[in-house]
Amino acid sequence: MARAPETIAAPFSQGESRAVMLNDVYNRRILELAGNIPRIGRLPSPDATATAHSRLCGSTVTIDLTMEGDTVTDFAHDVKACALGQASSSIMARHIVGANARELRQLREDMWRMLKENGPPPAAGRWTDVALLEPVRDYKARHASTLLTFDAVVSAIDQIAAKRAAQP
C-alpha cells in the first residue's frame, strides 16, 4: 500500500493556508542550507551595512559588506528569518566573496524575475544553488523573505557606490 507523502503545515498570511509538501518548498536541501548558514555575525569595520525587513512575515536580514574596487572581499550577516530567508542567506554567504557588483545586481534581478515573473534561475556559474528556491514562486507570501538577502546586498553595494561618488 502506498504511503501518503509527508507534508508540513506552513503558516501563510492573508488567509492562505495549505499543506506544503516537504519535498516541494521545504525540501531537505533547503532545510540543510537554513540549518548551516556560514558567515554569521558582523564585520568589525564594513564598507556598508544594510538591513532588509519583510513586514509580511517579520523576517529581517542585516548584512555587512566590504569591497575592494568592484569585488566583494568580506561579508557577514545577522539572519532572523524563516527557513526560506535563512536558505537564501546561506546561499549568498557561500558564494558572495569574489563576486562583483554587476553580478550581484543581476542576481537580485534574476531572483525577482524567477519568483515574480516565472523566469529561469541562473543556469551556470556560482549562483546555480538559487534554483533550489524556484518552488517558492508558487507561494507569494514567501517571496519577500526569500529576497531579503539579495535586497540587502544590493542596498549595501549602492551605499558603497554613493560614498565613493561623494569623495573628492
Side-chain angles (χ1 to χ4, degrees), residues 25-137 139 142-167:
V25 175
Y26 295 98
N27 63 56
R28 181 185 59 80
R29 185 67 180 127
I30 290 290
L31 296 175
E32 284 174 359
L33 286 166
N36 297 294
I37 306 172
R39 298 183 169 274
I40 290 289
R42 304 299 302 272
L43 296 179
S45 46
D47 294 330
T49 296
T51 298
H53 176 74
S54 169
R55 289 180 286 155
L56 189 61
C57 69
S59 293
T60 301
V61 173
T62 299
I63 68 108
D64 291 331
L65 193 66
T66 60
M67 297 181 79
E68 185 174 308
D70 215 26
T71 303
V72 174
T73 56
D74 206 357
F75 172 86
H77 53 173
D78 181 28
V79 182
K80 291 178 176 49
C82 66
L84 295 170
Q86 291 174 16
S88 296
S89 294
S90 184
I91 292 168
M92 180 65 74
R94 291 167 197 275
H95 303 292
I96 191 169
V97 173
N100 66 50
R102 180 193 54 74
E103 173 185 0
L104 292 164
R105 284 188 174 102
Q106 184 63 52
L107 175 64
R108 196 267 176 221
E109 292 306 310
D110 290 346
M111 282 298 300
W112 195 90
R113 282 189 197 98
M114 182 180 84
L115 295 178
K116 306 280 189 186
E117 298 176 349
N118 295 321
R126 75 173 87 210
W127 301 108
T128 57
D129 282 351
V130 300
L132 295 166
L133 301 166
E134 194 171 12
V136 176
R137 78 166 42 120
Y139 305 95
R142 298 295 185 235
H143 292 183
S145 63
T146 304
L147 290 169
L148 289 175
T149 194
F150 303 98
D151 292 340
V153 166
V154 169
S155 177
I157 290 168
D158 291 346
Q159 288 176 41
I160 293 167
K163 286 179 192 175
R164 289 176 179 169
Q167 292 175 346

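The 12-atom threshold is exceeded at CD of Glu117, counting heavy atoms of other residues, nucleotides or ligands nearer than 6.0 Å.
Panel note: side chain Glu134, backbone Met114; no donor-acceptor pair is recorded below 3.5 Å. Side-chain N or O atoms of Arg39 include one that pairs as donor or acceptor with a backbone N or O of Phe75 at under 3.5 Å. Of the possible polar contacts, none joining the Arg113 side chain to the Pro121 backbone as a donor-acceptor pair under 3.5 Å is found. The main-chain N or O of Leu84 is found under 3.5 Å from a side-chain atom of Ser88 such that the two form a donor-acceptor pair. A donor-acceptor distance shorter than 3.5 angstrom exists from the side chain of Ser90 to the backbone of Asn36, with no hydrogens or angles considered. Here the side chain of Gln86 pairs a donor or acceptor atom with the backbone of Ala81 at under 3.5 angstrom. No side-chain donor-acceptor contact under 3.5 Å links His77 to the backbone of Ala93. For Thr146 (side chain) and Arg142 (main-chain N/O), a donor-acceptor pair under 3.5 Å exists by modelled atom type.
Paired with Trp127 under the rule side chain to side chain donor-acceptor pair (under 3.5 Å), one option of Glu103, His95, Gln106 passes, and it is Glu103.
A donor-acceptor contact closer than 3.5 angstrom is absent between the side chains of Thr62 and Asp78.
A salt bridge between Arg108 and Asp151 is present, with a side-chain N of the basic residue lying under 4.0 Å from a carboxylate O of the acidic one.
From Ile63, atom CD1 reaches atom OG of Ser89 across 9.5 Å, with rounding to the nearest 0.5 Å. Taken to the nearest 0.5 Å, the OH atom of Tyr139 stands 9.5 Å off from the OH atom of Tyr26. In this structure, Leu115 CG and Met111 CE are separated by 4.5 Å, a value rounded to the nearest 0.5 Å. Note that the CG atom of Asp70 and the CZ atom of Arg102 stand 8.5 Å from one another [nearest 0.5 Å]. If you take NZ on Lys80 and OG1 on Thr60, they are separated by 8.0 Å, rounding to the nearest 0.5 Å.
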inquiry  = One pair to check against side-chain contact (heavy atoms from CB on, under 4.5 Å): Met92 and Leu107. What are the steps and the verdict?
reply    = CA-CA 10 Å; Met92 180 65 74; Leu107 175 64; 4.2 Å; yes

Open item on the list: Asp64 vs Thr49, test: side chain to side chain donor-acceptor pair (under 3.5 Å). Steps then yes/no.
Closed with: CA-CA 4 Å; Asp64 291 331; Thr49 296; 2.6 Å; yes

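Scanning both residues, Ser54 and Leu148, for their nearest heavy atoms gives N-CD2, 3.8 Å. Scanning all heavy atoms of the two residues, the minimum distance from Asp47 to Thr66 falls at OD2-CA, 3.2 Å.
The shortest side-chain heavy-atom distance between Leu65 and Asp74 does not fall under the 4.5 Å cut-off. For the pair Ile157/Arg105, a side-chain contact is recorded, criterion being any heavy-atom separation below 4.5 Å from C-beta on. Taking the side chain as every heavy atom from C-beta outward, Ile30 and Leu133 approach each other to under 4.5 Å.
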